[in-house]
Every structure is written in structure tokens, then in C-alpha cells.
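Read through the structure below, which is laid out as C-alpha cells, and then see the notes.
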2 protein chains.
Amino acid sequence: MPKLGIKPLRRQQLIDATLRSISERGLQNTTIVSISRIAGMSSGIISHYFGGKKELIEATVSYLLDQLQQSLLERITEENPPSHIRLHLIVEANFTEFQRSILATKTWLSFWAMSMHDPAMARLQSINSNRLYSNLLFSFKELLDPESAANAAKQTAAMIDGFWLRSALSENAEQEFIAAELLCKKFINDVIKQEISNASNQI
Amino acid sequence: MPKLGIKPLRRQQLIDATLRSISERGLQNTTIVSISRIAGMSSGIISHYFGGKKELIEATVSYLLDQLQQSLLERITEENPPSHIRLHLIVEANFTEFQRSILATKTWLSFWAMSMHDPAMARLQSINSNRLYSNLLFSFKELLDPESAANAAKQTAAMIDGFWLRSALSENAEQEFIAAELLCKKFINDVIKQEISNASNQI
DNA sequence: TGTTTTTAATTGAACGTTCAATCAATAACA
DNA sequence: TGTTATTGATTGAACGTTCAATTAAAAACA
């Protein structure tokens, strides 16, 4: 009998090792050997559990996407929070402790660059990008007229991604992430305030 | 004697070829051979004019930074435009025809990813990031109080980078870039409008 | 002007290195 | 013992760099 449940364990161990390798050496210098050494296993194990290096990288990115999705779901378990709270929760999910980790940041950046010439990566990237927009749009629509909501959702999504990028590349990333989260929330509050006052003026 | 003043010409030809190679195959698949073939020269030429591949990549990124800077300067040749116009010009500079080109977008993305584990690239990246923020801050300060100006400048910089990133990765990049430019300008207008009405309420 | 000399630009084969993938051998387990 | 998990040496392709040889343009000369 094969060891029970060892396959998902090994796969997760190798994904963790991949994140560490990329955060330490960058994607370009991450090799089959560097990953397997961090995982404390041999180089052949990667082909055995993932078929090849490419599939392991893809699985690692999928893992990051799942983590991001889960960090949002964890926050909305409460019974339907009001829209403006929900918007803040979306922001928070994108600036989680985990999202800020060097493990994650370096991998996200490499992943974005890869998306430009790797169809499989581009597909994952597109799903994630649309998900953020859709989540924001859903909540904004309960507060603003459709066109304003669409604009606000696009602007917020861009601001989140932009702040995330600038923070990740900054020298004192941790402080920048904290400030970024606050400024994203401030933007959301201001948009809602402004649009509501605009609407009341028009009546 | 061989052709005089050919050095700057060849260097630019190789930089152009590097942009094309990265846009076609991605940075990972860009090799000395792929670049020199696009340039119509031999592989040895790169070491001769740049010392090595690394220096050529750095020169290519510097070229992109210069183009970005120049596209802004070209717009502000007029005698001191008013602050809100200047802010729009900054946005426009970041969404130039050239910035939208596949040649540039793929290289920028690879460059960001490289910055995380290449000190020379990180330095270039930091300069560029600060420059955008400083330019925005300068103009916002003429319209808003210092704290509001700093917040607005950070938010605008993030929104520009974020929109740029999302547009570059999008399937119909061209349309997205156009919409992005408009939404960045709209944000700037709204911030100014809102802060001014806030200030008048406080009096 | 026509010829020769000088000079640097350019080539591309060869070299050493690095990497992902493979697979026969071994270890761990049931 | 038989089955699966794991190892790690080996392979061959791909890469950046180097450099002796070649090419062609400019300079010097007559």
C-alpha cells in the first residue's frame, strides 16, 4: 500500500519550497535543484509529483490565488455585511499578512511578468483580475448608480493593484502596505460621500 | 577607419532589438542569439558594445525611463500650465502611445519582476517610482493642503501604475489604456472638487 | 586621383556552465 | 516479499562569453 495521503502533503511541501526559493533567489534563479533542496528532497521528486517544473510553478500560482480568495471568504462569513463594510473587507483581503509576505510578493511579480508570454499564466491572471473587479462592482452597485459604480470599481481595483505593486517594490514594504490599505479605504469612503452629495444636488 | 560614430547607432539598434525580442518571446526566452538575430548582427556584437547581456538589458530599461521622462517634458514646454492641467499632462505622459506599445509593456513588466532580486534594476525602479510621486505632489500642493496633497499624490500614482498594469495584462489592451487615462483624470478632478468643498464647509 | 596602409567593426565557432528531465538503483513501507 | 516512494548520477539541449579571423571603411601617401 502506498502511504496514505502523502501525495497532497508532498505537493504542498514542494509548493512551499517553491515560494521560498522564488522569494530568496527570484524566479530566474529558481531551479529544480534549489526547490528540492529547500524541501529536503531530491530533484527527481518534482517530475514525479508535478510532471515538470512548469506545472509546479503553475500549481504555486494557483495556490496563491486560492489563498487570496480564501482570505476574502473568511471575512464575509458574517451575515451579509453592509456594502461599505464589504468594500473594506475586499481591500483588507488584498493586503493580508500573507499577501504582504516576501514569499508571496516576489512570486506575484514574477507571475505577472510570466503572464505576458505564457497562456496558462495569462488565464489565471485574467481570472484573478476579473474577480477583484466583480467583487468591488457588486458592492458599489448597492451604493451608486450603475455607471458610477463601474467607474468606482475600476478605479478601486487599479488603486489596490497599484498600491500593492508600489509597496512590494518599496524599501520599507511593511509600512507602505499599511498606509496603502488606509488610502484605499479612504478612497472608497470619499467616492461614496461624493457621489451621494452629487445625487442630492441633482434633485 | 571604420564608419565613424557608429557606436551610438549600433547601441540603439541593439536596444530596439532587445525591446522587440522581449515583446515577442518574453524576457525569459530572450537570448543573446534572439536579440542579435533581430538586429541582423552576430551574437558577439552584444558583448562588444555592452560588455554583456546584463548591461544591455539595463541600458534598455534606462531607455524606457528616458522615454517616459521625455514624454512628460515635451508636454510642459508651454509656460507653466495651471496645476490641474499639469496633473492631466502627467497622466497623459504615462499613457503615451509608446508606453502602450507591446514593445514597452512587456519590458516594463519583466523589469518590475527583475527589480526584486537585481539591485541595479531596483535602483532604476525606485527612481522612477519616486519621480511620478514627486511630480504629482508638486502640483497637488498648489491646490490642496499638504496632507491632502500627499494622500492624493500617493493615490494617483498607485492608480496610474495599477491601471497601467491591468491594461497591459488585459486582452484588449488598447481600449483599456484609453479608459484608464480618462478614469485617472476623473479621479484627479474629483479629488480637487471634493477637497475644495470640504475646505469651504469648514469655514 | 589612385593605391596602399592602418584601424576598428564584426563575425561565428568553440568553450565551459547551467539546467530540466530521465531512469536505473535504492529505501521505505505494508 | 512485493509494492510504492525516493534518490541522485547522467544526459543532452541551451545559454552567455570569448577571441582569432575576416571584412570594410578611413587615412596616409604619391
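Per chain, numbering begins at 1; letters A, B, ... match sequence-line order.
Between the NE2 atom of A:H48 and the C1' atom of D:dA5 there is a distance of 6 Å, given to the nearest Å. The nearest whole Å value for the distance from the CZ atom in A:R37 to the P atom in D:dG8 is 10 Å. The nearest whole Å value for the distance from the CD1 atom in B:I6 to the P atom in C:dA9 is 9 Å. Nucleotide C:dA28 holds its P atom 12 Å from the CZ atom of A:R10, rounded to whole Å. Per the geometry, CD belonging to A:Q28 stands 12 Å off P belonging to C:dA20, to the nearest Å. Separating the CZ atom of B:R11 from the P atom of C:dA9 is a distance of 13 Å, rounded to the nearest angstrom. Spacing between atom CD1 of A:I45 and atom P of D:dA5 amounts to 9 Å, rounded to whole angstrom units. In this entry the distance linking CG of A:N29 with P of D:dC15 reads 16 Å, nearest Å.
Defined by atom type and a distance below 3.5 Å, a donor-acceptor pair is present between the side-chain atoms of A:R86 and A:N80. In this structure, a donor-acceptor pair under 3.5 Å is present between the side chains of B:D16 and B:Q12. Looking only at atom types and distance, the side chain of A:S148 has no donor-acceptor partner in the side chain of A:N151 under 3.5 Å away. With 3.5 Å as the limit, one finds no donor-acceptor pair spanning the side chains of A:S36 and A:S42. When only modelled atom types and interatomic distance are considered, A:S139 and A:S83 share no side-chain donor-acceptor pair under 3.5 Å.
Backbone-only engagement by A:Y49 is indicated by non-hydrogen atom pairs under 4.0 Å involving sugar-phosphate atoms exclusively.
Taken from CD in B:Q69 to OG in B:S71, the straight-line distance is 8.5 Å, to the nearest 0.5 Å.
Using cut-offs of 30° and 60° for the angle between ring planes, the A:H84 and A:H88 rings count as perpendicular.
The existence of a salt bridge linking A:R75 and A:E92 is confirmed by a sub-4.0 Å separation between a basic side-chain nitrogen and an acidic carboxylate oxygen.
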Can you build the contact string for nucleotides 16-21 of chain D? Use B for base contact, S for sugar-phosphate-only contact, and - for no protein heavy atom under 4.0 Å.
SBB---
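The stretch residues 107-118 of chain A has no heavy atom under 4.0 Å from DNA chain C, so no residue of it qualifies as close.
Looking at A:N128, A:L64, A:L124 one by one, the single match for side-chain contact (heavy atoms from CB on, under 4.5 Å) with A:F111 turns out to be A:L124.
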